[in-house]
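Some notes on the structure that comes next.
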Amino acid sequence: MPTSSASTTDSAKSAGGGVQSLERAFDLLERMADAGGEVGLSELSASSGLPLPTIHRLMRTLVSCGYVRQQANRRYALGPRLIRLGESASRLLGTWARPYLARLVEETGETANMALLDGDEIVYVAQVPSKHSMRMFTEVGRRVLPHSTGVGKALLAHTPDDEVRALLSRTGMPAATEKTITTPDGFLAALKEVRGQGYAVDDNEQEIGVRCLAVSVPNSPTAAAISISGPAGRVTEAATEKIVPVLQQVASELSEALASQNPA
């Protein structure tokens, strides 16, 4: 009996040796996330270059699995089952980061943190405390607004101004201290400064007496930043000159480590 020819449908192997339909499905999920979480089939077809029938089959499968849901307006939105995956992934991200944060503590003497941008909020996913008796402590899982934090500035520094303004209009800009930036123009000016100097500063803006230095993790699979925080009397301008290069080096090494978690 003759054997059938190799499949050339969505289940065919991709050029990289993977399953093409899976690669396409994940690509569509990422395009949905980039578009704000809700899109129409025609938008996905235009951005991905895939034909509508192929996209429809893939989306139907994702809907049946709960990773996508179809809205009343016939558009598609990211589904609730992705939340559990995201929460588990963020915990693992924090686990992978801990050795790098420990190095930051060893080299700077201050508490080291890792934070992600989750929707409109900053969430802390990992921390290694300073060995000093007087040290900063931020509970893992804590959520804060971006405008009053160094990590928030680092994470939003390269976001288009109109998107930053939209975010600030949704969250508001409440003052945590008298030094908190409370206007969109002021925050955008701070982001321009971050882009120019390559790091962000929270100077008594979240808590009086505390300074924080932060940098983004380049090419992270999700927007991430690392920081050190400590008493303003220790995290001085002079200390900043020594700490920032260490932060940037550790962020670069962490970026490489995260990329290697998924070898080709």
Side-chain angles (χ1 to χ4, degrees), residues 87-118 121-146 148-157 176-177 179-180 190 193-194 197-261:
E87 289 175 344
S88 297
S90 67
R91 286 194 296 270
L92 282 175
L93 195 59
T95 299
W96 291 330
R98 280 188 61 83
Y100 297 87
L101 299 183
R103 226 186 88 201
L104 272 179
V105 174
E106 191 67 30
E107 296 195 27
T108 69
E110 304 300 342
T111 295
N113 308 281
M114 183 179 192
L116 309 179
L117 182 63
D118 184 20
E121 297 178 317
I122 301 300
V123 58
Y124 289 91
V125 297
Q127 181 180 86
V128 175
S130 167
K131 297 176 183 177
H132 288 291
S133 57
M134 181 182 292
R135 58 178 181 257
M136 304 303 105
F137 178 78
T138 298
E139 182 181 0
V140 171
R142 182 188 178 198
R143 291 175 175 271
V144 296
L145 297 181
S148 61
T149 64
V151 285
K153 293 174 188 174
L155 286 165
L156 293 175
T177 75
K179 296 197 69 175
T180 305
E193 188 174 342
V194 174
Q197 63 191 14
Y199 66 95
V201 181
D202 159 12
D203 188 4
N204 294 269
E205 296 161 51
Q206 179 68 27
E207 185 178 346
I208 290 296
V210 177
R211 291 188 86 235
C212 172
L213 307 173
V215 299
S216 62
V217 179
N219 304 312
S220 175
T222 188
I226 59 174
S227 68
I228 65 91
S229 56
R234 288 204 305 258
V235 187
T236 60
E237 291 297 332
T240 297
E241 294 180 7
K242 298 178 181 179
I243 292 172
V244 167
V246 178
L247 264 174
Q248 293 170 332
Q249 179 63 32
V250 171
S252 177
E253 293 176 10
L254 177 56
S255 173
E256 293 177 8
L258 292 175
S260 70
Q261 297 291 338

Note: E205 and T180 closest approach over all heavy atoms is O-OG1, 2.6 Å
Charged N to carboxylate O under 4.0 angstrom, R211 versus E237? yes
Does any N or O in the side chain of E253 come within less than 3.5 Å of the main-chain N or O of A251, such that one atom is a donor and the other an acceptor? no
Verify side chain to side chain donor-acceptor pair (under 3.5 Å) between Q206 and S148, making sure each step is shown before the conclusion. CA-CA 5 Å; Q206 179 68 27; S148 61; 2.5 Å; yes
Please answer whether the main-chain N or O of V217 pairs with a side-chain N or O of S255 as donor and acceptor at a distance below 3.5 Å. no
Whether S220 side chain and T222 backbone form a donor-acceptor pair below 3.5 Å: yes
Under 4.5 Å between any side-chain heavy atoms of I226 and L101, yes or no? yes
Count the heavy atoms belonging to other residues, nucleotides or ligands that lie under 6.0 Å from CZ of R98, then report whether that count exceeds 12. no
Minimal heavy-atom distance between Q248 and Q197, with the atoms involved, is NE2-O, 4.5 Å
Of all heavy-atom pairs linking V210 and S229, the shortest is CG1-CB, 4.5 Å
Gap between atom CD1 of I243 and atom CZ of R234 - 0.5 Å precision: 9.5 Å
Rounded at 0.5 Å granularity, tell me how far CD in E121 sits from OG1 in T149. 11.5 Å
To the closest 0.5 Å, what do you measure between NZ (K242) and OG1 (T108)? 12.5 Å
Is any side-chain heavy atom of Y199 closer than 4.5 Å to a side-chain heavy atom of T240? yes
Sorted by chain and number, sequence neighbours left out, side chain to side chain contact (heavy atoms under 4.5 Å, CB included) with V194 holds for K153, A157, A200
Of all heavy-atom pairs linking L145 and I122, the shortest is C-CG1, 4.5 Å
Can you confirm whether L258 sits close enough to Y100 that some side-chain heavy atom of one is under 4.5 Å from a side-chain heavy atom of the other? no
Tell me whether T177 contacts the main-chain N or O of N204 through its side chain, where contact means a donor paired with an acceptor under 3.5 Å. yes
Please report the closest heavy-atom contact between S130 and T111, naming both atoms and the distance. N-OG1, 3.0 Å
Would you give the length of the straight line joining atom CG of L247 to atom CG of L213, rounded to the nearest 0.5 angstrom? 6.5 Å
What's the separation between atom CD in E110 and atom SG in C212, rounded to the nearest 0.5 Å? 10.5 Å
How far does OG1 of T236 sit from CD of E241, to the nearest 0.5 angstrom? 8.5 Å
Can you give me the closest heavy-atom contact between W96 and L254, atom names plus distance? O-CD1, 4.5 Å
